[in-house]
Structure formats: C-alpha cells, structure tokens
S.K.: 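One structure coming up, written as structure tokens, with questions to follow.
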Amino acid sequence: MSEGIEVAKKLPVTDDIREAMATIRRGTDSFLIEEEFEQKLARSKATGKPLRCKLGLDPTAPDIHIGHTVVLNKLRQLQDLGHQVIFLVGDFTAAIGDPSGRNVTRPPLSREQITANAETYLAQAGHVLDLEKTEVRYNSEWSNALGSVGLIQLASRYTLARLLEREDFAKRYAEELPIAMHELLYPLMQGYDSVALEADLELGGSDQRFNLLVGRELQRQYGQEPQCILTMPLLVGLDGQVKMSKSKHNYIGITDEPNDMFGKVMSISDTLMWDWYDLLSLRPNDEIAALKKECAEGRNPRDAKVMLAKEIVTRFHSAAAADGAEAEFVNRFRQGAMPSEIPEVTVPAGEEGIQIARMLKEAGLVSSTSDGNRMIEQGGVRIQGESVSDKMLRFKAGEELIVQVGKRKWAKIHLA
C-alpha cells in the first residue's frame, strides 16, 4: 500500500467504485496513485462525504478553445459522480506567471487584465461544469493573507535542488538562460492552494505534473493526507498532428458559430475522432465502446462523428443549434456526395499565401493552373461546401480546407 493511506484503513473496493475508476481513468495521461484514490472513493462511499477535486486555472487570456476543456470535462465527470469540484481561479498566481513549458520568463499580467480574464474564464467554464454545484475560489484569498513571513516559511519547506528538477527550469539553467526568483515561487504557491483547499485530487494538463506533485508534498508536510494527481493529455488539433492551438490555426473556439463548430468536428480523421471521444465526450465508457465496435463491424464512422459534433455544439450552444448545424451540413456536404474518407494532402503556401488554382494543382485535384481556373469559371470548385468563383482568391499557411473539384475529386488540404 502507498504511503498516503495506511493499510489499516483499507476498505473493500466494490463494483461501483471500479466503474467510477474506469470513468475517471478514461483518456488520462497519468493517474497517481490509483490505489490511493480507490481508497478515497471507498471512504467517501462509507462516510457519505464527497471528495474534494480541484482544478486551478490562471486567467492569462480572455478566451479558451475546446482543447482547454479536456480537463474541465474530467472535472465534470467527477461532479456527475457526486464529488465536490473546485474551480480555482488563480488570480494571485497569474500575477506571478506560470513558467511551465516555457524557456523564457512569462510577463506578469496587470490586475485589470486578470480580473477581466477571470470573468470570461468562469463564464466559459460554465459551458462544461454545473456552476451551481461548483465551489468557485480565488487563490488570492489565502495567498495574500500569507504575508512576507508566511511566504518565507512556505519557501523553507522546499529546496532549490528539488525545484531545479523541474524540466523547464533544468533546461534553462543548463543553457544559462535567466530564471527569475519569483518563478521559483510559482510551484510553491500552486502547491499551497491544495493545502488551503484540503484537496483529495488535483487535476491539470500533462505539463503541470511537477507543480501537482509539489502540492502533494506540501500537504504531507502540513499534516494532511496527500492529494492524488490526475493529468490529462493535450488535445491534438484539427490537423491531426500537433496540439490544438490558436497560433497553429487548428482549433475550435468555444465561441465559434454552431455551423463552423460542427463542420470542423466533421473534418477530423476517423482515427482522431476516437481520441476526441475519450477526451471531450461525456458519454459513458460502455456507450463509446459499443459505438466503436459498430463502426469496426461496418457502420459508417460518419454517424459517430455526427454524434460527437452534435454533442460538442449542444454543450457550447444548444440542442436546437446542433440540429440546425447538422441540417446545414447535410445540405452543404452530403447532397454533394461527400465521401466518408477524404485524402489528406499538405501544400506549401509560402509567406505570401497561395493562389487557388495553384493550390488545386499542387493538391493533385487538377492537371494545371489553367485547368484549375477553368473549373472555377464553370462553378466546379467548392471549398468548405461553398462554390468558389474568384480566381484571385489566396489562402494562407496554417489554413485547413475541404475542397471538392467536380463531382468526384475531394481533398483535405493542409497549407504549410
């Protein structure tokens, strides 16, 4: 048995706890320590006291995309299992700037920026969480109260050598890049949040693992039972290659219009779709497994993709908007006999972009640029379901397009 929970306190793990563990485990990057968390669930069942499950987000930007909601979805699953979820707004830590995964010091935000961003974060989180059942906290509540003496006492509980074990700090130190003193305080302040909230479980992205472990250690030093840790992988974007990012133009914003959101989900590959089901869908495990089995046995994967697209649009808009987006998609694509599998091709766009006829030629959809221009003139080219008539149209690197030429030629074009 692990050090967090004594052997004498071991409780039986029942079928409903195993089922809950399977739901919690789905799509995770790491789960530390599963045996401990089983015992926490068993104790919660025996006492009727919900577990305290914490997610902290620093309001560093005004908007989020669906990649950011991966960890929120996991928090919602815990909420649906009956546990107390805590949405922690890092208004204090945002003023420090989280250095995780960066090779430079993150510029601190002003109080005005933090306040404005925090308001939109909470509103957007409400698309996933039931805010009426969510404990919303701000870490300035206890961080400001620490004062200088408390901060020094907190700093005394961790060594510089341990902090420099963190990958990004170690890399910057080895490369003789500057590490500001305040950055070293960030993991300690995030860890202290878990002490203040008496967290049983902390969630975060895979890049947060070190900080979450600091929280576990600080809880132990403060005489609390250490929290378990659950990290989620970074969602791969529309291109199927790299993590979802606005800078990579491979994202779905949670404020995107329903039709755009639906169409973007439908553009992903069948393989990527099942990863998205694991990370974004709130459907039960057995339902997803059954759907995957049906597709493996001959059901059109497009049906599953439509279900996923409607679930996502419903979450961020409404069921009526999802129905409308599906109808629009049918009108624009299926009536044009969109195939279930579309070949993907990458075309270099250059710094100035690429003109449409050349793009069609480079993608192998036409034999020459003049052939491409002729098809455009005849109304035989559709991009994202819309007929194109402008031969001077140019596209930029980073865009992703579903292109139809004539009745039978299709391609999903990634512009590099």
Side-chain angles (χ1 to χ4, degrees), residues 236-253 256-273 275-276 295 300-306 308-309 325-416:
V236 173
L238 298 171
D239 55 8
Q241 299 174 19
V242 297
K243 73 173 184 177
M244 184 171 286
S245 167
K246 289 188 176 182
S247 64
K248 297 292 185 183
H249 304 284
N250 66 346
Y251 72 98
I252 299 176
D256 281 358
E257 292 298 319
N259 291 346
D260 291 340
M261 189 176 284
F262 191 98
K264 287 178 179 179
V265 175
M266 294 301 296
S267 76
I268 66 175
S269 69
D270 293 346
T271 301
L272 183 61
M273 171 183 68
D275 290 338
W276 280 32
C295 291
N300 194 332
R302 188 188 295 166
D303 295 342
K305 206 174 293 183
V306 166
L308 179 63
E326 180 187 14
E328 174 67 14
F329 183 83
V330 169
N331 290 335
R332 292 172 60 186
F333 288 95
R334 285 194 180 175
Q335 291 180 4
M338 180 180 177
S340 58
E341 291 291 337
I342 300 176
E344 298 188 26
V345 61
T346 298
V347 173
E351 294 183 1
E352 298 180 358
I354 187 170
Q355 198 164 332
I356 181 171
R358 176 163 291 280
M359 180 185 72
L360 298 177
K361 176 181 179 297
E362 296 295 329
L365 294 171
V366 296
S367 59
S368 64
T369 54
S370 59
D371 184 31
N373 285 324
R374 179 179 58 80
M375 291 298 295
I376 294 169
E377 290 173 356
Q378 295 175 355
V381 177
R382 288 179 172 269
I383 296 180
Q384 313 294 57
E386 299 287 348
S387 180
V388 176
S389 59
D390 184 1
K391 293 187 292 183
M392 301 305 293
L393 196 61
R394 300 183 76 87
F395 298 93
K396 301 180 296 182
E399 292 191 77
E400 183 178 283
L401 311 167
I402 295 180
V403 181
Q404 178 185 6
V405 176
K407 292 183 177 180
R408 296 181 175 82
K409 291 186 178 180
W410 292 80
K412 183 177 181 181
I413 301 176
H414 306 278
L415 295 175

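All heavy atoms count here, side chains included; hydrogens, waters and symmetry mates do not.
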S.K.: According to side chain to side chain donor-acceptor pair (under 3.5 Å), who are the partners of Glu344, at least two apart in sequence or on a separate chain?
M.R.: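 Scan of Glu344 (side chain to side chain donor-acceptor pair (under 3.5 Å), adjacent residues dropped) gives His414.
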S.K.: Would you call Met359 and Leu401 a side-chain contact if the rule is heavy atoms closer than 4.5 Å?
M.R.: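 Result yes, sub-4.5 Å side-chain heavy-atom pair found.
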S.K.: Rounded to the nearest 0.5 Å, how far does CG of Asp275 lie from CD1 of Ile268?
M.R.: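 Ile268 atom CD1 to Asp275 atom CG measures 9.0 Å (nearest 0.5 Å).
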S.K.: If every non-hydrogen atom of Ile402 is compared with every non-hydrogen atom of Ser267, which pair is closest and at what distance?
M.R.: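 Between these two residues, the closest heavy atoms are CD1-CB, 3.6 Å.
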S.K.: Please tabulate, for the side chains in residues 361-369, all donor-acceptor contacts under 3.5 angstrom to protein atoms that are two or more places apart in sequence or on a different chain.
M.R.:
unit_1 : atom_1 : unit_2 : atom_2 : d
Ser367 : OG     : Asp371 : OD2    : 3.4
Ser368 : OG     : Ser370 : OG     : 3.0
Ser368 : OG     : Asp371 : N      : 3.1

S.K.: Considering non-hydrogen atoms only, spot the tightest contact between Leu238 and Tyr251 and give its length.
M.R.: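 Minimum heavy-atom contact is CD1-O, 3.7 Å.
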S.K.: Once side-chain contact (heavy atoms from CB on, under 4.5 Å) is applied, do any residues pair with Ala304, and if so which ones, sequence neighbours excluded?
M.R.: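 side-chain contact (heavy atoms from CB on, under 4.5 Å) list for Ala304, sorted by chain: Met273, Trp274, Tyr277, Leu291, Cys295.
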S.K.: Between Gly379 and Ser387, which heavy-atom pair has the shortest distance, and what is it?
M.R.: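 Shortest heavy-atom contact: O-OG, 4.1 Å.
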S.K.: With rounding to the nearest 0.5 angstrom, report the CD to NZ distance, Glu400 to Lys264.
M.R.: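 Answer rounded to 0.5 Å: 9.5 Å.
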S.K.: How long is the gap from CG on Asp270 to CZ on Arg302, to the nearest 0.5 Å?
M.R.: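 It comes to 9.5 Å.
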S.K.: Should Phe395 and Ile356 count as side-chain neighbours, where that means a heavy-atom distance under 4.5 Å?
M.R.: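 They are in contact (side-chain heavy atoms under 4.5 Å apart), so the answer is yes.
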S.K.: Which pair of heavy atoms, one from Asn259 and one from Glu328, lies closest together, and at what distance?
M.R.: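 Taking every non-hydrogen atom into account, ND2-CG, 3.7 Å.
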S.K.: Taking salt bridge (charged side-chain N to carboxylate O under 4.0 Å, His left out) as the definition, give me every residue that meets it alongside Glu257, ordered by chain and number, with sequence neighbours left out.
M.R.: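 Not a single residue meets the salt bridge (charged side-chain N to carboxylate O under 4.0 Å, His left out) criterion with Glu257.
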S.K.: Who passes salt bridge (charged side-chain N to carboxylate O under 4.0 Å, His left out) against Glu399, sequence neighbours left out?
M.R.: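 For Glu399 there are no salt bridge (charged side-chain N to carboxylate O under 4.0 Å, His left out) partners, ignoring immediate neighbours.
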S.K.: Mind listing the closest non-hydrogen atom pair of Pro343 and Trp410 along with its distance?
M.R.: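 Taking Pro343 first and Trp410 second, the nearest heavy atoms are CG-O, 3.3 Å.
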S.K.: Between atom CE of Met266 and atom CG of Leu308, what is the distance when rounded to the nearest 0.5 Å?
M.R.: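 One finds 9.5 Å between CE of Met266 and CG of Leu308.
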S.K.: Mind checking the CD1-CG spacing from Ile413 to Leu360? Nearest 0.5 Å is all I need.
M.R.: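 Atom-to-atom, Ile413:CD1 and Leu360:CG are 6.0 Å apart.
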S.K.: Under the side-chain contact (heavy atoms from CB on, under 4.5 Å) rule, collect the residues that match up with Lys391, sequence neighbours excluded.
M.R.: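 Listed in chain order: Asn373, Ile376, Glu377.
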S.K.: Report, as yes or no, whether the 6.0 Å neighbourhood of atom CD on Gln378 holds more than 12 heavy atoms from other residues, nucleotides or ligands.
M.R.: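 More than 12 within 6.0 Å, yes.
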